[in-house]
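Quick note on labels: first sequence line is chain A, next is B, and so on, each numbered from 1. Since this is a predicted model, take the numbers as computed values, not measurements. The basis for the numbers below is simple: all heavy atoms, side chains too, and nothing from hydrogens, waters or symmetry mates.
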Number of protein chains: 2
Amino acid sequence: MAKSPATGPRGRDKGQRAAPELSKAQIVETGLRLIDEEGLQGFSVRSVAKALGCYPTAIYWYTPSRHFLIAEIVTIILRDVVPTAELEWQDWLRALLTRYRAAIARHPNAAPLIGVNLVSNASVDVDLLEGLLTKLHQAGFRDDALIDAYNAVVGAMVGFTTQEFAMEPPDADDLQGYLKGFPAGIDAARHPMLARMAGPMMGRSFILRWQNGATRPMDGAFALYVDAFVAGLEALLSRADR
Amino acid sequence: MAKSPATGPRGRDKGQRAAPELSKAQIVETGLRLIDEEGLQGFSVRSVAKALGCYPTAIYWYTPSRHFLIAEIVTIILRDVVPTAELEWQDWLRALLTRYRAAIARHPNAAPLIGVNLVSNASVDVDLLEGLLTKLHQAGFRDDALIDAYNAVVGAMVGFTTQEFAMEPPDADDLQGYLKGFPAGIDAARHPMLARMAGPMMGRSFILRWQNGATRPMDGAFALYVDAFVAGLEALLSRADR
DNA sequence: ACCTGAACACCGTTCAAGT
DNA sequence: ACCTGAACACCGTTCAAGT
């Protein structure tokens with residue numbers, strides 16, 4: 001008489017159907033787990049199906065395409081980036097960029113999915129939009145300038161971190177070997193500044209690194225970046241006041 | 001007796017070999033052309049081979065992997081982004097970011113290749129490194145702060161533009177349809193700011209767009225972004241002075 | 001409603017063989 | 001030295017069929 005616990009929400013006393021073996025949530029979670037554990041190249045519709053013990057085509061009953069599956073995964077990753085509303089706009093912006101970076105740092109292999117695809121750019125989080133627009137309005141931006149400021153902030157938020165967590169090449173050792181020999185080949189007469197800095201920069205700077213932010217975080221650069229951007233917005237606003 | 005014009009540099013008077021049919025430059029140019037004309041998904045080792053009328057495996061005589069081929073393509077795209085040295089550091093930085101964006105705008109489909117891959121991040125352009133370090137040194141950054149500033153600038157340079165030219169989904173029409181209905185669904189009581197701004201923002205803002213910068217450039221946002229970033233660096237430097 | 005199963009048109013890359 | 005040719009282990013997605 002009593003429904004078996006395995007029976008799904010559509011289970012009836014008579015004419016019962018078996019509960020679905022799969023669910024959308026399970027598929028999305030499995031996808032994210034594969035990205036975390038195996039890297040981006042370990043994630044595919046087929047590998048998700050394999051991990052769930054079903055045919056690849058079964059996935060398509062729950063999601064219309066690879067793109068949409070990725071969008072769902074991104075939504076989970078960016079679930080809690082919106083700061084509390086009581087912060088001053090400068091602190092709120094700093095918190096937003098920092099929380100976004102922290103979210104990516106928890107799932108570094110997923111970073112390329114967000115910066116690069118229009119859709120998963122941030123699967124329309126209304127609270128993020130409302131919060132950001134409100135704070136920028138409080139700061140003093142209006143009309144077209146408000147839209148520009150919104151775009152500048154989103155660009156700043158996603159841009160740096162996407163870079164920091166860029167994909168390492170499959171043959172990272174070769175790259176390391178090449179870069180380690182790089183400083184010795186610099187012509188100090190033609191490139192004096194580079195000759196002096198290449199050593200200390202090696203391994204912890206854009207262009208001159210072979211690992212990404214997952215193993216070599218760029219905390220100092222990020223802090224400077226955020227401080228500069230927010231201070232710059234303040235400067236522009238105070239200029240416009242006059 | 002005379003060498004035929006088709007004979008390559010290794011051609012000898014005796015024991016001649018036929019000139020190679022392919023060349024690295026030709027392969028790289030073909031790859032870039034395919035990206036420009038067909039989009040990123042029209043570019044593959046196999047499609048390059050097809051366009052050149054050879055077997056896919058012939059490509060591997062000239063380049064060790066897909067990754068390296070992409071790095072070569074990126075090098076061509078970013079050939080001329082370094083501004084002239086006589087500019088003041090603020091103008092030099094603005095010119096750098098603007099020239100980078102212009103270079104991507106000429107090959108918008110290639111944008112995701114740069115922001116996302118560690119290697120092709122900018123295939124070690126020594127003049128870019130030297131120029132940037134010199135200007136930041138002139139600005140007043142030293143030691144670790146110089147490295148941080150370098151990374152902040154590269155992050156700012158690549159980050160915004162990568163976003164602006166993010167990949168449109170294959171089913172952009174669906175996205176457009178979804179987003180056009182989005183403003184009507186906003187609860188104005190809970191999200192008043194968004195309710196007011198969603199209309200004017202639609203189609204020309206991150207998250208709320210279905211086309212990228214190739215068709216809908218974000219000039220105003222980019223200008224604000226660059227001005228804020230440079231003004232922010234100035235502000236940080238003058239604070240540190242005291 | 002939910003999943004199996006076969007099939008299509010692709011990938012990047014390796015390895016042996018030709019000339 | 002330079003390229004052909006076959007092969008391997010993958011992709012995302014469609015479509016028909018089962019239960």
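- A/Lys24 is linked by a side chain to side chain donor-acceptor pair (under 3.5 Å) to A/Glu72, counting only residues two or more places apart in sequence or in another chain.
- In this structure, the side chains of B/Arg66 and B/Ile70 come closer than 4.5 Å at one or more pairs of heavy atoms.
- Contact check for B/Tyr100 versus B/Ile114: side-chain heavy atoms found under the 4.5 Å cut-off.
- Taking atom P in both D/dA9 and C/dA9, the straight-line distance is 22 Å, to the nearest Å.
- Side-chain contact check for B/Ile147 versus A/Pro200: some heavy-atom pair is nearer than 4.5 Å.
- Side-chain contact between B/Leu113 and B/Leu40: present, with at least one pair of heavy atoms (C-beta onward) separated by less than 4.5 Å.
- Residues passing the side chain to side chain donor-acceptor pair (under 3.5 Å) test with A/Ser44 are A/Ser47, sequence neighbours excluded.
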Can you give each donor-acceptor pair under 3.5 Å made by side-chain atoms of residues 31-38 of chain B, sequence neighbours left out, with the distance rounded to 0.1 Å?
| from | atom 1 | to | atom 2 | distance (Å) |
| --- | --- | --- | --- | --- |
| B/Arg33 | NH1 | B/Glu37 | OE1 | 3.3 |
| B/Asp36 | OD1 | B/His107 | ND1 | 3.0 |
| B/Asp36 | OD2 | B/His107 | ND1 | 2.8 |

Would you list the protein and nucleotides 7-9 of chain D atom pairs, both N or O, that sit under 3.5 Å from each other?
none

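- To the nearest angstrom, P of D/dC15 lies 18 Å from CH2 of A/Trp61.
- Summarising the geometry, the separation between CD on B/Glu21 and C1' on D/dA1 is reported as 13 Å, rounded to the nearest angstrom.
- Listed by residue number, there are no residues of residues 38-45 of chain B with a heavy-atom contact under 4.0 Å to DNA chain D.
- Atoms CD1 (B/Ile27) and C1' (D/dC2) sit 11 Å apart, rounded to a whole Å.
- Counting heavy atoms from C-beta on, the side chains of B/Val126 and A/Ile186 never come closer than 4.5 Å.
- Contacts between residues 47-56 of chain A and DNA chain C, counted as heavy-atom distances below 4.0 Å, involve A/Cys54, A/Tyr55.
- Shown here are the ring pair (Phe, Tyr, Trp, His ring centres under 6.0 Å) partners of B/Tyr150, two or more places apart in sequence or in another chain: there are none.
- Within the structure, side chain to side chain donor-acceptor pair (under 3.5 Å) contacts touching residues 167-179 of chain B (residues at least two apart or in different chains) do not occur.
- Shown here are the side chain to side chain donor-acceptor pair (under 3.5 Å) partners of B/Arg204, two or more places apart in sequence or in another chain: A/Asp144.
- Counting only Watson-Crick and G-U wobble pairs whose two key distances fall under 3.5 Å, DNA chain C forms stems of three or more stacked pairs at C:4-8 with D:12-16, C:12-16 with D:4-8.
- With sequence neighbours excluded, the residues satisfying ring pair (Phe, Tyr, Trp, His ring centres under 6.0 Å) with A/Phe222 are A/Phe160.
- Dashed line: the shortest gap from a side-chain N or O of B/Tyr62 to OP1 or OP2 of D/dC3 is under 4.0 Å.
- Between B/Ile59 atom CD1 and C/dT14 atom P there is a gap of 15 Å when expressed in whole angstrom units.
- In this structure A/Pro56 satisfies the side chain to side chain contact (heavy atoms under 4.5 Å, CB included) test together with A/Arg46, A/Ala49, sequence neighbours excluded.
- Taking every side-chain heavy atom of B/Tyr60 into account, C/dG12 is the closest of C/dG12, D/dT13, D/dC2.
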